[in-house]
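Numbers restart at 1 for each chain; the letters A, B, ... are given by sequence-line order, proteins then strands.
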Protein chains: 2
Amino acid sequence: MAGRRRVGNLLALAVLSAVVERPMHPYEMASVLRERGKDRDMNIKWGSLYTVVRNLEKHGLIEAVESVRTGGRPERTIYRITDAGREELVDWVRELISTPEREFFRFEAGLSVMVVLAPDEVMELLGRRLSLLEQEIAAARESLAAFSRELSRMLLIEAEFDLAMREAEAAWVRSLLDELTSGSMPDLELWRKFHETGEIPAEVRDMAERSRTGNQK
Amino acid sequence: MAGRRRVGNLLALAVLSAVVERPMHPYEMASVLRERGKDRDMNIKWGSLYTVVRNLEKHGLIEAVESVRTGGRPERTIYRITDAGREELVDWVRELISTPEREFFRFEAGLSVMVVLAPDEVMELLGRRLSLLEQEIAAARESLAAFSRELSRMLLIEAEFDLAMREAEAAWVRSLLDELTSGSMPDLELWRKFHETGEIPAEVRDMAERSRTGNQK
DNA sequence: CATCGTATATTCGCAAGCGAGTACTCGTCA
DNA sequence: TGACGAGTACTCGCTTGCGAATATACGATG
């Protein structure tokens, strides 16, 4: 999965951002990252931690400093970041911030095959989505407000972004739902017919077949 | 990766949505899906096609009908959807539409570690992102308009969603950039200092350490 | 009719990812 | 004092994902 990154997993970014402050052993990285809520910003699976650390070492981005044994615990290997690692970290962050990447929302996949359901069911499902979204937004807003009282905004910027995206999604769903329920969405009757008749409309499919070429990106 | 889905890869959803119309062999599924632009709605890697098809068969969601040989071409196995497959398809779409799932934007990961860069650099990078986003949006808008001329809106709904999300992102970035350049973002001076001094501020980190608990979800 | 490019159709093998398991330690509460 | 639960620290092994390779057919072109 590397792409241009030698270790592609975002957990590697998190690890680098931890060891850049001081040398640590893997379990400590996990604690630090958890404490800072990084597992909420990235999709971190702790099962991958040791694999990722090993790969980072293999590529010279971090290096083992020493192995200490405290009490009877298993031996812990302490890693520190290398110059190459520091460079990778900075370069990676630059890229993540400066370069928009196509995100594939699971919702989008759902929308793109929604015609397998009846329109009325879709409306109901969208309604459910909207109300769940609203709940989440309320909770997120509240928790953000709570944190803001003791934390600089700059450290909460990701949470603000996340909130903004959810609000945008909710707004979009709301407007789609309006169009569907008010009946102002074109071809809605056609769609409904398919589901009473049974199957997919040759005419529309043909249209689809025809034009699909030369899209952006 | 399955979760509750027996075959977790979204390519499996696409495959099901293709074979629900008529039996096909794998390569034909690929052509059909490509033609319909499904590879733009989901993050499809064609290298996974045969693995996914095999897994779908293994779980009884599709089944082989026959193997035909046309000319000297390699033998093609034709699959049709089963009742279980139809059920899975419908249920999956229901879930995708009704249940919002936390998406992990790569940008968010970047934001969450942006403090490793100097504030002025971040502003520059955000500027670059914004202009790239604007280009993409313009292109997407244009291509959507082109398609709309010959295609029902309902078949372009995903593209509309995608566009809306990008617009929301652009708006958010623009407003962040404004706050940073106008200097209205709090603690900006503190941040700048770190980078002249050299390192991360104990005070702020401590704040961070303290409060992180009981977030939403 | 030799050649070349494009479409057809699939296989292979490595490596990444990660859920689940292991094993030990320490504090505490009865 | 011994049992228990929570935390510490890591390992294992299966599965999935996917880039790259393979091999043949077909039509166009010189």
Side-chain angles (χ1 to χ4, degrees), chain A residues 1-15 18-19 23-35 39 42-59 61-62 64-79 104 109 213, chain B residues 1-15 18-19 23-35 39 42-59 61-62 64-79 104 109 213:
Chain A
M1 161 161 304
R4 40 178 307 215
R5 298 290 152 203
R6 297 189 275 193
V7 185
N9 196 326
L10 276 182
L11 175 53
L13 180 75
V15 165
V19 289
M24 291 181 200
H25 58 96
Y27 191 84
E28 193 183 358
M29 301 171 197
S31 326
V32 167
L33 293 172
R34 247 192 298 258
E35 233 168 318
D39 52 343
M42 310 169 190
N43 194 6
I44 288 180
K45 315 290 161 124
W46 297 115
S48 307
L49 180 61
Y50 289 83
T51 312
V52 161
V53 166
R54 212 174 307 123
N55 286 347
L56 284 172
E57 188 186 16
K58 195 173 70 190
H59 290 94
L61 302 176
I62 61 178
V65 183
E66 49 172 348
S67 279
V68 292
R69 172 183 298 275
T70 318
R73 304 266 182 71
E75 186 154 302
R76 302 172 310 177
T77 306
I78 298 186
Y79 295 90
F104 295 89
T213 24
Chain B
M1 161 159 306
R4 39 176 311 212
R5 298 290 151 203
R6 298 188 275 193
V7 186
N9 196 328
L10 277 183
L11 176 52
L13 180 76
V15 165
V19 289
M24 291 181 201
H25 57 96
Y27 190 83
E28 193 183 358
M29 300 170 196
S31 325
V32 167
L33 293 173
R34 245 192 300 257
E35 233 167 319
D39 52 343
M42 310 170 189
N43 194 6
I44 288 181
K45 312 293 161 121
W46 297 115
S48 306
L49 180 61
Y50 289 83
T51 312
V52 161
V53 166
R54 212 174 306 124
N55 287 350
L56 284 172
E57 188 187 18
K58 195 174 70 192
H59 290 93
L61 303 176
I62 62 179
V65 183
E66 49 173 346
S67 278
V68 292
R69 172 183 298 276
T70 317
R73 303 268 182 72
E75 187 155 299
R76 302 170 312 178
T77 307
I78 297 188
Y79 295 91
F104 295 88
T213 25

N or O in side chain of A:N9 less than 4.0 angstrom from C:dG17 OP1/OP2: yes
Contact under 4.0 Å: A:H25 side-chain N or O vs D:dT8 OP1/OP2: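 No.
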Qualifying salt bridge (Lys or Arg N to Asp or Glu O under 4.0 Å) pairs with a residue from residues 23-33 of chain B, counting only residues at least two apart or across chains: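 Every salt bridge (Lys or Arg N to Asp or Glu O under 4.0 Å) pair that includes a residue of residues 23-33 of chain B, provided the two are not neighbours, is B:R22-B:E28.
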Proximity to the side chain of A:Y27 - top-ranked nucleotide from C:dT10, D:dA9, D:dT16: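 Given the options C:dT10, D:dA9, D:dT16, the side chain of A:Y27 is closest to D:dA9.
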Side chain of B:Y50 - closest among D:dT16, C:dC18, C:dT11: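 That would be C:dT11.
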B:T77 or A:L49, whichever maps to the more 5' nucleotide of DNA chain C: B:T77
Upstream residue (5' side of DNA chain C) when B:R54 and A:N55 are each assigned their closest nucleotide: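 That would be B:R54.
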Expressed in angstrom and rounded to an integer, what is the separation of [X] atom [atom1] from [N] atom [atom2]?
{"X": "A:E28", "N": "D:dG7", "atom1": "CD", "atom2": "P", "answer": "17 Å"}
{"X": "B:D39", "N": "D:dC18", "atom1": "CG", "atom2": "C1'", "answer": "16 Å"}
{"X": "A:L56", "N": "C:dA16", "atom1": "CG", "atom2": "C1'", "answer": "13 Å"}
{"X": "B:M42", "N": "D:dG17", "atom1": "CE", "atom2": "P", "answer": "14 Å"}
{"X": "B:M24", "N": "C:dT8", "atom1": "CE", "atom2": "C1'", "answer": "16 Å"}
{"X": "B:L11", "N": "D:dT15", "atom1": "CG", "atom2": "P", "answer": "20 Å"}
{"X": "A:R76", "N": "C:dT25", "atom1": "CZ", "atom2": "P", "answer": "13 Å"}
{"X": "A:I44", "N": "C:dG17", "atom1": "CD1", "atom2": "P", "answer": "13 Å"}

Nearest-0.5 Å distance that lies between atom CE in A:M29 and atom CD1 in A:I62: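 Here the rounded value is 5.0 Å.
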Derivation of the side chain to side chain contact (heavy atoms under 4.5 Å, CB included) call for B:L33 and B:M42: CA-CA 11 Å; B:L33 293 173; B:M42 310 170 189; over 6 Å; no
All side-chain hydrogen bond (donor to acceptor under 3.5 Å, both in side chains) counterparts of A:S31, not counting sequence neighbours: none
Shortest non-hydrogen contact from A:A18 toward A:M24: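 Heavy-atom minimum between the residues: O-CE, 3.4 Å.
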Minimum-distance pair of heavy atoms, taken over all atoms of A:V19 and A:Y79: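 Looking at all heavy atoms of both residues, the closest pair is CG1-O, 4.1 Å.
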Restricting to nitrogen or oxygen on both sides, can you table the protein-nucleotides 19-21 of chain D pairs closer than 3.5 Å?
unit_1: D:dG19; atom_1: O6; unit_2: B:G47; atom_2: O; d: 3.4

Check against side chain to side chain contact (heavy atoms under 4.5 Å, CB included), A:H25 and A:I78: CA-CA 4 Å; A:H25 58 96; A:I78 298 186; 4.2 Å; yes
